[in-house]
Amino acid sequence: MKDTHKHQGLRNQLVATIVEKGITDENVLKAIAAVPRHLFMDSGFENFAYQDKAFPIAADQTISQPYTVAFQTELLQVKPTDKILEIGTGSGYQTAVLLEIGARVYTIERQKELFKKTKIFLPKLSYKPKKIIFGDGYKGLPEEAPFDGIIVTAGAPYVPKPLLSQLKIGGRLVIPVGDKVQIMTLFVRTGEKDFEKLELGDFKFVPMLKEKN
Ligand code: SAH
């Protein structure tokens with residue numbers, strides 16, 4: 001598990017690429033510059049880690065494209081100490097980006113294999129989420145609600161109601177919604193029953209797995 005000057009150089013180039021694509025939030029850019037993405041990928045893909053692309057991880061899932069991670073994180077407007085819920089832990093890369101910003105992160109993964117792997121892996125890099133949970137993201141995490149932000153990193157066929165209800169007033173939900181292609185959607189909770197909704201372009205995610213009973 002090495003992180004070298006060469007890797008740092010490649011990360012700086014990656015940051016330049018996502019700045020060109022329109023990301024401006026300094027906290028997000030610093031986090032992308034800091035997280036050693038190559039360590040989150042299987043060794044066969046390590047050399048590609050700083051290309052702005054998604055890559056396969058275990059269990060037929062993918063590590064999201066860095067631009068997408070940056071775009072979603074920027075939409076969340078994460079501030080240090082914010083309480084954030086992530087749906088879809090996967091490789092833990094997005095989790096690490098949130099932790100670099102100083103958020104308190106709760107993250108849920110539905111696949112046992114990935115859950116086990118990432119739960120052991122993140123602390124090895126000194127990334128310590130408040131909780132990594134093996135469970136169903138459609139339900140959110142009522143026992144820890146409300147959250148300043150909720151980020152969904154798989155394509156959701158619809159917007160799960162529990163996620164909206166687990167936001168603080170002023171809190172933000174960032175969720176890609178759709179089947180084959182997803183529309184990045186931002187909800188801001190403006191009151192007990194009121195939400196503002198913004199749609200921010202097309203993205204492609206692996207599908208959010210069905211609800212568990
Ligand atoms: N944030 C991850 C992206 C992983 S891809 C990263 O940076 O690597 C999406 C992840 O969502 C997969 O790991 C998948 O298993 C998980 N997932 C799919 N459906 C889910 C559900 N209903 N609840 C929780 N996680 C889910």
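Both ligands and their constituent atoms are indexed starting at 1 by order of listing.
Taking a cut-off of under 4.0 Å to the non-hydrogen atoms of Ile108, the atoms of ligand 1 that pass are 24 (C), 25 (N). Those atoms of ligand 1 that come under 4.0 Å of a heavy atom in Gly90, given as number and element, are 4 (C), 13 (O). Close approach of ligand 1 to Ser64 (heavy-atom distance below 4.0 Å) involves ligand atoms 3 (C). Heavy-atom proximity to Tyr93, at under 4.0 Å, picks out these atoms of ligand 1: 7 (O). Every atom of ligand 1 with a heavy atom of Gln111 under 4.0 Å away is listed here by number and element: 15 (O).
Looking only at protein heavy atoms, the nearest one to atom 6 (C) of ligand 1 is Ser91 OG, 3.6 Å. Looking from atom 5 (S) of ligand 1 to the surrounding protein, the closest heavy atom is Thr62 O, 3.1 Å. Shortest contact from atom 23 (N) of ligand 1 to any protein heavy atom: Gly137 N, 2.8 Å. Regarding atom 7 (O) of ligand 1, its nearest protein heavy-atom neighbour is Gln94 N, 3.2 Å. The protein heavy atom nearest to atom 9 (C) of ligand 1 is Thr153 O, 3.4 Å. Nearest non-hydrogen protein atom to atom 26 (C) of ligand 1 is Arg110 CB, 3.8 Å. Protein heavy atom in closest approach to atom 18 (C) of ligand 1: Leu209 N, 3.5 Å.
Distances from atom 2 (C) of ligand 1 to the heavy atoms of Ala96, Ala59, Gly88 show the closest one on Gly88. The closest heavy-atom contact to atom 17 (N) of ligand 1, among the options Gln72, Met41, Glu113, Glu109, comes from Glu109.
Glu109 and Lys112 are not joined by a salt bridge, as no carboxylate oxygen comes within less than 4.0 angstrom of a charged side-chain nitrogen.
With a 4.0 Å heavy-atom cut-off, ligand 1 is reached by the side chain of Gln61 but not by its N, CA, C or O. Contacts between Leu114 and ligand 1, counted as non-hydrogen atom pairs separated by less than 4.0 Å, involve the side chain only. Only side-chain heavy atoms of Val206 come within less than 4.0 Å of ligand 1; its backbone N, CA, C and O stay farther off. With a 4.0 Å cut-off on non-hydrogen atoms, Glu86 touches ligand 1 through its side chain and not its backbone.
Every N/O-N/O distance between Tyr138 and ligand 1 stays at or above 3.5 Å.
For Asp136 (side chain) and Tyr138 (main-chain N/O), a donor-acceptor pair under 3.5 Å exists by modelled atom type.
Leu209 is not connected to Val177 by any chain of hydrophobic side-chain contacts under 4.5 Å among Ile, Leu, Val, Met, Phe, Trp and Tyr, and they are in different clusters. Tracing side-chain contacts under 4.5 Å through hydrophobic residues (I, L, V, M, F, W, Y), one reaches Phe195 starting from Val159; they form part of the same cluster.
To the nearest 0.5 Å, atoms CD (Glu199) and CE (Met184) are separated by 12.0 Å.
Screening Gln166, Arg104, Lys131 for a side chain to side chain donor-acceptor pair (under 3.5 Å) involving Glu144 leaves a single residue, Lys131.
A donor and an acceptor atom, one from each side chain of Gln51 and Thr17, are nowhere located under 3.5 Å apart. No side-chain donor from either of Gln94 and Thr153 sits under 3.5 Å from a side-chain acceptor of the other. Tyr50 and His38 share a side-chain donor-acceptor pair at under 3.5 Å.
Proximity of the aromatic rings of Phe203 and Phe71 is defined here by a centroid distance below 6.0 angstrom, and this criterion is met. The aromatic ring centroids of Tyr93 and Tyr127 lie 6.0 Å or more from each other.
Both the sub-6.0 Å distance and the 45° axial angle are not jointly satisfied by Lys130 relative to the ring of Tyr106.
Distances shorter than 4.0 angstrom occur between a heavy atom of Thr89 and an atom of ligand 1.
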